[in-house]
Structures are given as structure tokens and as C-alpha cells.
Amino acid sequence: MRHVIALDVGGTGMKAALVGADGTLLHEDRRATGRERGPDAVIAAILDFAADLRAHGTERFGEPAVAAGVAVPGIVDETRGIAAYAANLGWRDVPLRDLLTTRLDCPVALGHDVRTGGLAEGRVGAGRGADRFLFVALGTGIAGAIGVDGRVEAGAHGFAGEIGHIVVRPGGTPCPCGQHGCLERFASAAAVSEAWAAACGDPEADAADCAKAVTSGEPNAVRIWQGAVDALADGLVTALTLLDPRTLIIGGGLAEAGETLFTPLRDAVRRRVTFQKLPAIVPAALGDTAGCLGAGLLAWDLLGTTDGADTTGSTEAADSTEAADGTATTDGMEVTP
């Protein structure tokens with residue numbers, strides 16, 4: 001059975017799958033990155049994991065994977081296949097695509113983790129059917145993926161979608177990027193966690209705890225949450241003014257607050273738009289599987305076809321149906337929004 005390897009590398013863990021030509025997840029696995037042992041150990045762990053996945057596919061399906069897709073964090077040169085920099089993994093200028101190609105003996109696609117997750121959300125998740133979308137992940141930082149006709153735009157230098165570094169509060173909190181007042185210093189899950197921990201006096205408190213306190217009306221929680229929502233709305237309106245997306249998909253840790261986030265956020269964005277067209281603002285549908293699913297799409301795209309359908313730039317490549325219970329099946333892959 002023809003299949004590809006999909007691998008999503010995070011700061012502490014890796015998620016992987018073998019993906020069939022119809023989008024079916026044939027096998028799933030997880031491992032630690034081993035980053036505590038240094039960047040060389042992380043690279044070795046990635047290569048070993050990929051090789052083990054290839055061996056499993058060969059044994060189970062009678063043939064090795066025909067391609068592989070790998071999503072990694074940090075700065076990624078997707079054209080050259082270089083993992084340029086990742087602070088949480090400690091590497092610089094790693095020729096990861098070439099290393100994996102040699103180890104696996106098949107073509108390999110390397111992608112940025114958020115853009116790869118955005119690709120999956122756009123094709124088979126919350127943005128399915130939208131010709132233009134913006135995916136924004138609210139996690140430790142804030143990053144985005146700009147989707148156009150089934151593809152995600154990386155930009156001329158691989159930096160497209162860095163919405164977290166739009167300055168929304170000039171002269172505000174310093175950001176490690178060198179600017180002051182960046183969006184992610186006010187509206188990321190990490191920023192909300194830090195502010196709430198300081199306000200409630202519990203260093204272990206996080207953004208999820210803040211969201212719970214908001215629902216109970218705790219004044220400090222409401223103040224912190226509204227500040228984050230206002231900053232996020234300012235950044236999103238800048239983005240939608242530039243990009244005019246049809247759908248705005250919000251994911252990451254902060255989005256897990258559900259309507260505690262989405263109801264005030266939709267209102268805040270609506271109040272700020274003037275001539276701009278208001279996009280649909282929806283939660284991400286794929287959760288922490290988005291990166292792995294996107295890596296699988298990258299791999300199949302390398303081959304030019306998925307089950308005989310062109311995937312080079314059309315959202316129609318993923319033929320989807322929706323059941324009465326709201327569960328979507330896309331190219332054989334079941335997704336529950």
C-alpha cells in the first residue's frame with residue numbers, strides 16, 4: 001500500500017504517522033525529542049524515528065514510504081530544506097531535508113510547524129473550502145499561516161505569517177525580537193499565563209486558569225483577559241486589512257478557552273473594522289494533530305498527486321462530505337470540528 005511518512009517535531013515531543021494516499025492515518029506514534037541532551041541528540045532522534053517509521057511501513061504494507069513530510073519549529077528555509085534556527089531545540093542551519101533524504105531514500109519536504117498546521121486546517125480542517133484563510137496559533141508565542149488556494153505562503157525569505165511581531169502597543173513590553181509592544185507579548189497563552197500568575201499570586205497558574213476565573217467574574221482575570229483580547233483584535237485587524245482572508249482560524253492553547261475567547265474576540269474585531277470585510281472567525285478543528293496531518297499533505301504534494309487528484313494548488317483536491325453529526329470526512333480522513 002502506498003503511503004508517506006508524516007513527522008511533526010515540537011519542543012519536547014514528536015508526533016508521527018504513516019498516511020495513505022486517501023488521507024487515512026495508517027499508523028500513529030509519538031516520541032520525545034531528547035532536547036535535554038543537546039541539538040545533535042535531537043537530530044539523531046528525528047532521523048532514528050523516521051527510519052523506524054520507514055521500517056514499520058515496509059514490514060506492515062510490503063513497501064517503504066514513497067515520500068516524507070517533516071514540520072519543525074523556528075526559522076525554516078523550506079526551499080533549501082534547512083532548519084535554520086530553533087531556540088527551544090538549540091540548532092542552527094541543519095540540512096534536515098538532505099539528512100532525511102539520505103536516511104530514508106525517498107523525497108522529503110521540510111516545513112515550518114505553524115505553516116504546516118495551517119495547511120492542514122486550510123485543506124481538511126476549519127478552513128476547508130475557503131480560497132483564502134489566515135490561521136493564527138496562540139501558544140507560547142503567536143504565529144500565522146497565510147493560505148491561498150490550498151497552499152500556504154512562506155514569503156520571499158520564509159518569514160511570512162509572523163503576526164506575533166506586529167507592534168500593537170508602541171513602546172510597550174520588550175520582545176526578544178528586539179521590538180517593544182509585539183502582539184505576542186500581550187495575547188499569547190504564555191503572556192496571559194504570566195500576567196495571571198502574577199495577579200493571583202500562584203506561580204503555577206496558567207492561561208486556562210485565567211479563563212476559568214473569567215467565567216466566574218474574577219475582576220483581575222477579566223481585566224487581563226480583556227487586555228489580551230483587545231491586543232489580539234488590534235493585530236488581527238491589521239492582518240485582515242493586508243490579507244483580506246475569507247476565514248480567520250484561531251488555534252493554539254488560548255483557543256481552548258472556547259467561547260470565553262471567541263465571543264469577545266469577534267465583538268472586538270467587529271468594532272474595529274471600517275471598510276474591511278469581516279471574515280468568519282472560527283476555532284481550529286484539528287487540535288494537536290494539525291502539524292502531523294499537514295506534514296502528510298506536504299509529502300503527498302511532493303509527488304504531485306493524492307490518489308490521482310491534483311494537489312498542487314486546489315482545495316478541491318480534498319473532496320469532503322459532511323455527516324449529519326457534523327463529522328467531516330476528507331479524502332478518507334475523519335475530522336471532528
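Index from 1, following the sequence.
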Return the minimal non-hydrogen interatomic distance between [X] and [Y], and the atom names on each side.
X    : Y    : answer
E184 : G141 : OE1-CA, 3.6 Å
E162 : A143 : OE1-CB, 4.4 Å
L302 : V108 : CD1-C, 3.4 Å
G235 : I166 : O-CD1, 4.0 Å
G217 : V222 : C-CG2, 4.1 Å

Main-chain N/O of [Y] paired to [X] side chain as donor or acceptor, under 3.5 Å:
X    : Y    : result
T247 : A280 : no
W300 : G20  : yes
R123 : G150 : yes
E121 : A285 : yes
R54  : A65  : no
R97  : T79  : yes
Q179 : H165 : yes
Q276 : T241 : no
T116 : G294 : no
R30  : G13  : no

Report, as yes or no, whether the 6.0 Å neighbourhood of atom [atom1] on [X] holds more than 12 heavy atoms from other residues, nucleotides or ligands.
X    : atom1 : result
R169 : CZ    : yes
R60  : CZ    : yes
E36  : CD    : yes

side-chain contact (heavy atoms from CB on, under 4.5 Å) between L236 and L265: does it pass, once the steps are laid out? CA-CA 10 Å; L236 292 178; L265 179 61; 4.0 Å; yes
Quick one: pull up [atom1] in [X] and [atom2] in [Y] and give me the separation to the nearest 0.5 Å.
X    : Y    : atom1 : atom2 : answer
K15  : D288 : NZ    : CG    : 5.0 Å
R31  : L7   : CZ    : CG    : 10.0 Å
F159 : H112 : CZ    : NE2   : 9.5 Å
D209 : S193 : CG    : OG    : 8.0 Å
I82  : L110 : CD1   : CG    : 8.5 Å
C200 : E218 : SG    : CD    : 8.5 Å

Is there a path of hydrophobic side-chain contacts, each under 4.5 Å between heavy atoms of I, L, V, M, F, W or Y residues, that connects [X] with [Y]?
X    : Y    : result
V136 : V168 : yes
L298 : L18  : no
V4   : L100 : no
F262 : I163 : yes
L293 : I5   : no

Would you say [X] and [Y] make side-chain contact, with heavy atoms under 4.5 Å?
X    : Y    : answer
N88  : P73  : yes
R246 : P279 : no
C177 : C182 : yes
Y85  : D77  : no
P245 : L240 : yes
L232 : L138 : yes
I142 : F186 : no

>> Between D230 and R272, does any NZ, NE, NH1 or NH2 come within less than 4.0 Å of an OD or OE carboxylate oxygen?
In response: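 Here R272 pairs with D230 in a salt bridge, since their nearest N and O are under 4.0 Å apart.
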* When you check the gap from the basic side-chain N to the acidic O, do R132 and E153 get nearer than 4.0 Å? ->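 Here R132 does not pair with E153 in a salt bridge, since their nearest N and O are not under 4.0 Å apart.
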* side-chain contact (heavy atoms from CB on, under 4.5 Å) between T289 and L25, worked out -> CA-CA 11 Å; T289 66; L25 300 181; over 6 Å; no
**Verdict with reasoning, K212 to D206, per salt bridge (charged side-chain N to carboxylate O under 4.0 Å, His left out)** = CA-CA 10 Å; K212 292 175 184 175; D206 60 13; over 6 Å; no
key: Working for side-chain contact (heavy atoms from CB on, under 4.5 Å), residues W91 and D40   = CA-CA 8 Å; W91 64 34; D40 289 342; over 6 Å; no
Quick check on side-chain contact (heavy atoms from CB on, under 4.5 Å): which of V72, V42, V9 does M14 satisfy it with?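 It is V9, the one option of V72, V42, V9 that forms the side-chain contact (heavy atoms from CB on, under 4.5 Å) with M14.
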- Would you please classify the geometry between the F61 ring and the H3 ring as parallel, tilted or perpendicular, with 30° and 60° separating the classes?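 Plane angle between 30° and 60°, so tilted.
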Q.
Between E194 and R185, is the side-chain contact (heavy atoms from CB on, under 4.5 Å) condition met? List the steps.
A. CA-CA 10 Å; E194 182 180 347; R185 299 302 297 151; 4.3 Å; yes
